[in-house]
Protein chains: 2
Amino acid sequence: MDISTLGYALLAILARGPLSGYDLAQRMKKPIGFFWQSQLSQIYPELAHLEAQGCVTHKVIVQEDRPQKKVYTITDAGSTALKAWVTRSPTPPPERNELLLKTYAIWLADSEAAIELFRTQEQMHAERLALYEHDRIRIEQESGRVPHPHEPLFGNYATVRMGIAYEHEYVEWCHWMAEQFELALASQLQDSQ
Amino acid sequence: MDISTLGYALLAILARGPLSGYDLAQRMKKPIGFFWQSQLSQIYPELAHLEAQGCVTHKVIVQEDRPQKKVYTITDAGSTALKAWVTRSPTPPPERNELLLKTYAIWLADSEAAIELFRTQEQMHAERLALYEHDRIRIEQESGRVPHPHEPLFGNYATVRMGIAYEHEYVEWCHWMAEQFELALASQLQDSQ
DNA sequence: GATGACATGTAATCAGTTACATGATTAG
DNA sequence: CTAATCATGTAACTGATTACATGTCATC
C-alpha cells in the first residue's frame with residue numbers, strides 16, 4: 001500500500017467531511033490550490049485507487065435537482081495513514097521557479113522590458129496578498145482570534161499565514177528588481193546628455 | 001521552433017560562456033539548482049534538441065588528462081531567443097508544497113510529532129539561509145557592492161536575494177508553527193494537573 | 001586492481017496536463 | 001434551444017526521474 005501525494009491531499013480534505021469527486025476538485029481550487037493543485041481527470045482515478053486500497057468508501061447519492069453523484073468518506077485505515085503521513089518530513093521537492101530563471105539571465109534584457117516584467121509580477125503578487133489577508137481576517141473572525149492547533153481551521157490559518165509572508169516577500173523583491181532597472185535607466189539617460 | 005523551459009535554462013547558462021553537458025549539469029546543481037533543477041539524462045537530449053534548432057553548436061575537445069568532451073556554444077539565434085524569453089511574463093506554475101499540504105491536515109497530529117516536524121524544517125531552512133547569505137556576501141565582495149543590472153553577476157545577486165528573503169520567512173513561519181504546538185502542549189499538561 | 005571523478009548517452013517509468021467523450025439538470 | 005453548472009470518466013501526450021549502459025583517466 002503506497003499512497004501518492006495527491007492521494008494524501010484528497011484524504012486531507014475528506015478528513016474534514018465526505019465529498020464527491022467534483023466537490024473535491026472545487027476544494028482543490030479554493031483553499032488547497034494555493035499549495036496543491038490538481039485536475040478532475042487526475043482526481044477520479046486517484047479516488048478509485050484510494051478505494052481499492054481501502055482508504056475511502058463511496059455511496060451513490062441520487063439528487064432530484066442535479067445529476068447523481070458518488071460521495072466519498074474516509075475510512076479508519078485512510079485516517080490512520082493520513083495521520084502517520086502528516087508529521088513525516090517531506091523530501092525537499094525540486095525547486096522550479098521560472099521567474100527566478102529569467103532573473104538569472106535578466107542582465108541580457110533592456111531596462112524598459114525588465115521594469116515592465118517586474119511591475120506586472122509585483123501587481124500580481126500584491127493581488128494575491130490582498131486575497132490571503134482577507135482570508136486571514138475571515139478566519140480570525142470565525143474562530144475567536146487564532147484557531148487552536150487541534151481544530152481543522154488551524155490548517156487553513158497556518159497555510160494562509162505562510163501565503164501572506166510569501167507574497168509579502170515576493171512583492172518587496174519585485175519592487176526592488178524594478179527599482180534597480182529604473183536606476184540603471186536614469187543613469188543611462190544622464191550619461192547621454 | 002519552440003524551446004522548453006529547460007532549453008532556456010541551458011541557454012541562460014551558455015550565455016555566460018561555453019560549457020560541456022557535464023559542466024552544465026554541475027551548474028544546474030550549484031547556483032541554478034536553487035530555482036531550476038535537472039538531471040544529466042535530461043540535459044543531453046535537450047542539448048541535441050537545441051542544436052537541431054540552431055540555438056547552440058558544439059566542438060569536440062580532446063583532453064590529455066581526461067576523457068574528451070563536447071563543448072557547447074550559444075549561437076546568435078539562441079541568444080536572440082533567450083533575450084526575447086527573459087522578459088516574457090511567465091505563466092504562474094501550479095503551486096505544489098508538500099509541507100503546506102501536511103500543514104493543512106496537521107490538526108490531526110500529536111503536538112510532539114508536529115513540534116519535531118517543524119523544528120527539523122526550521123533547521124533545514126536556517127542552513128540554506130546561512131548558505132545564501134554567505135553567497136550574497138561573496139558576490140558583494142567580488143563586485144564592489146551591488147552588481148549593475150546589466151552585468152551577469154546581477155543575475156546571481158538578484159536570485160540569491162530572493163533566496164534569502166524566502167528562507168528567512170520560512171524559518172520564521174516554522175518557528176511560529178512549533179511554538180503553537182508547544183503552547184498547546186503546555187496548556188494540555190496544565191489541564192491534566 | 002579498485003574507487004571515484006569525468007564524460008555521454010538510452011530506456012523505462014511516473015506524475016500531471018490537455019484533450020476527448022458523455023450525459024443530467026437548470027436558468028435564461 | 002442554448003449555455004452554464006453539475007457530474008464522471010478515458011486517452012494521448014509531455015516533462016521529469018530513475019535505472020541502465022558504456023567508457024576514459026587518475027589516484028590510492
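A note on names: the letters A, B, ... follow the listed sequences, proteins ahead of strands, and every chain is numbered from 1. Quick caveat, the model's predicted, so the values are computed rather than measured.
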Original post:
Whole-Å distance between dC6(D) P and Met28(A) CE?
Top reply: 18 Å
Original post:
Side chains of Leu117(B) and Ser89(A): does their closest heavy-atom pair fall under 4.5 Å?
Top reply: yes
**OP:** Looking at every strand, decide which applies to Gln68(B) at a 4.0 Å heavy-atom threshold: base, sugar-phosphate, or nothing.
**Re:** sugar-phosphate
**OP:** Output yes when Glu122(A) and Arg119(A) qualify as a salt bridge under the 4.0 Å nitrogen-oxygen rule, no when they do not.
**Re:** yes
Original post:
Whole-Å distance between dC14(C) P and Asp2(A) CG?
Top reply: 10 Å
**OP:** Examine dT17(D): is either OP1 or OP2 under 4.0 Å from a nitrogen or oxygen in the side chain of Arg96(A)? Give yes or no.
**Re:** yes
Original post:
How many Å lie between CG on Asp65(B) and P on dG23(D), as a whole number?
Top reply: 22 Å
Original post:
What is the distance, rounded to the nearest whole Å, between atom CD of Glu46(B) and atom P of dT10(C)?
Top reply: 13 Å
Subject >> Charged tip of Arg161(B) within 45° of Tyr166(B) ring normal and under 6.0 Å >> reply: no
Original post:
What is the distance, rounded to the nearest whole Å, between atom NE2 of His49(B) and atom C1' of dA16(D)?
Top reply: 16 Å
Subject >> Nucleotide nearest Asp23(B) when distance is taken to its side chain, options dG23(C), dA7(C), dA26(D) >> reply: dA7(C)
Original post:
Which nucleotide in the list dG23(D), dT8(C), dA7(D) gets nearest to the side chain of Tyr22(A)?
Top reply: dA7(D)
**OP:** Assign Gln63(B) to base, sugar-phosphate, or nothing according to its heavy-atom contacts below 4.0 angstrom with the strands shown.
**Re:** sugar-phosphate
Subject >> Value in whole Å for how far the C1' atom of dG23(C) lies from OH of Tyr44(A) >> reply: 12 Å
Original post:
With nearest nucleotides of DNA chain C determined for Ser41(B) and Pro94(B) from heavy-atom distances, which residue corresponds to the more 5′ nucleotide?
Top reply: Ser41(B)
Subject >> Pair His148(A) and Phe181(B), ring centroids less than 6.0 Å apart >> reply: no
Original post:
Are any of Lys70(A)'s side-chain N or O atoms less than 4.0 Å away from OP1 or OP2 of dG9(D)?
Top reply: yes
Original post:
In whole angstrom, what separates Gln42(B)'s CD from dC20(D)'s P?
Top reply: 19 Å
**OP:** Would you mind reading off the distance between Gln39(B) atom CD and dA7(C) atom C1', rounded to a whole angstrom?
**Re:** 16 Å
**OP:** For Asp76(B), look at atom CG and say whether over 12 heavy atoms of other residues, nucleotides or ligands are found less than 6.0 Å away.
**Re:** no
**OP:** Report the hydrophobic cluster partners of Tyr44(A), with the cluster defined as I, L, V, M, F, W, Y residues connected by side-chain heavy atoms closer than 4.5 angstrom, directly or transitively.
**Re:** Tyr22(A), Leu40(A)
Original post:
Is any NZ, NE, NH1 or NH2 atom of the basic residue among Arg128(B) and Glu95(A) found under 4.0 Å from an Asp or Glu carboxylate oxygen of the other?
Top reply: yes
Original post:
Bend across the helix from dG1(C)-dC28(D) to dG28(C)-dC1(D), to 10°, with axes taken over 5 pairs at each end?
Top reply: 10°
Subject >> Closest to side chain of Tyr72(A), choosing from dC6(C), dA16(D), dG9(D) >> reply: dG9(D)
